[in-house]
Novice: 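Would you mind keeping the following structure in view while I ask a few things?
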Amino acid sequence: MKEIYILVAEWASDFESNSEVKAYSTREKAKAAYDIEVKTEKFTDSMCKGCFDEEGNFIEDNDENVCCDEFNTKDGENFSVYREGWYQKDHFTVYYKKVNLDA
């Protein structure tokens, strides 16, 4: 069975939301795209201002009431940032994972 990696990015802001799915032939390509998405979110999104240090590490006691979850799985990685108590209205999530074609 052929394996590919999908990258899923989704966001919500107030009453708008959207998602995007991209497919990659290798884990390395999906990881590179994932890293760009995460870096862009950490350093350019206004919700994240003051929530990450200059190296991209999350500041737990930030003044913005923003939470962050980052974790690895055996088949990919996941990053999510959101306003505490307001995930449905204000969040950004991106992850990649391995999937089987023709599954």
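Side chains are part of it too, since the values below use all heavy atoms of this structure and drop only hydrogens, waters and symmetry mates.
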Novice: Please check if V66 and F92 belong to a single hydrophobic cluster, counting links between Ile, Leu, Val, Met, Phe, Trp and Tyr side chain heavy atoms closer than 4.5 Å.
Specialist: yes

Novice: Let me confirm one number: the CH2-CD distance from W11 to E41, rounded to the nearest 0.5 Å.
Specialist: 11.0 Å

Novice: As an exercise, state the distance from CG of N57 to SG of C68, rounded to the nearest 0.5 Å.
Specialist: 10.0 Å

Novice: Quick one: which of Y5, Y96, F79 gives a ring-ring contact (aromatic ring centres under 6.0 Å, His included) with Y34?
Specialist: Y96

Novice: Side chains of R83 and M47, heavy atoms from C-beta outward: is any pair under 4.5 Å?
Specialist: yes

Novice: State yes or no: do Y82 and F52 share one hydrophobic cluster built from I, L, V, M, F, W and Y residues joined by side-chain heavy-atom distances below 4.5 Å, directly or via other members?
Specialist: no

Novice: Less than 4.5 Å apart, any side-chain heavy atom of N78 and any of T73?
Specialist: no

Novice: Could you check whether any side-chain heavy atom of C48 comes within less than 4.5 Å of a side-chain heavy atom of V81, counting everything from C-beta outward?
Specialist: yes

Novice: Are Y87 and C67 side-chain neighbours, meaning at least one heavy-atom pair lies under 4.5 Å?
Specialist: no

Novice: Which pairs would a plain distance check flag for residues 18-30, meaning a side-chain donor or acceptor within less than 3.5 Å of a matching protein atom at least two apart in sequence or in another chain?
Specialist:
from, atom 1, to, atom 2, distance (Å)
S25, OG, K29, NZ, 3.4
T26, OG1, K29, N, 3.1
R27, NH1, K74, O, 3.2

Novice: So does L101 get a backbone contact from the side chain of K2, meaning a donor-acceptor N/O pair under 3.5 Å?
Specialist: no

Novice: In this structure, which one of E55, E70, E54 forms a salt bridge (Lys or Arg N to Asp or Glu O under 4.0 Å) with K42?
Specialist: E70

Novice: CG of N65 to CD of E84: how many Å apart, nearest 0.5 Å?
Specialist: 6.0 Å

Novice: Can we say K31 and E77 salt-bridge, meaning some charged N sits less than 4.0 Å from an Asp/Glu carboxylate O?
Specialist: yes

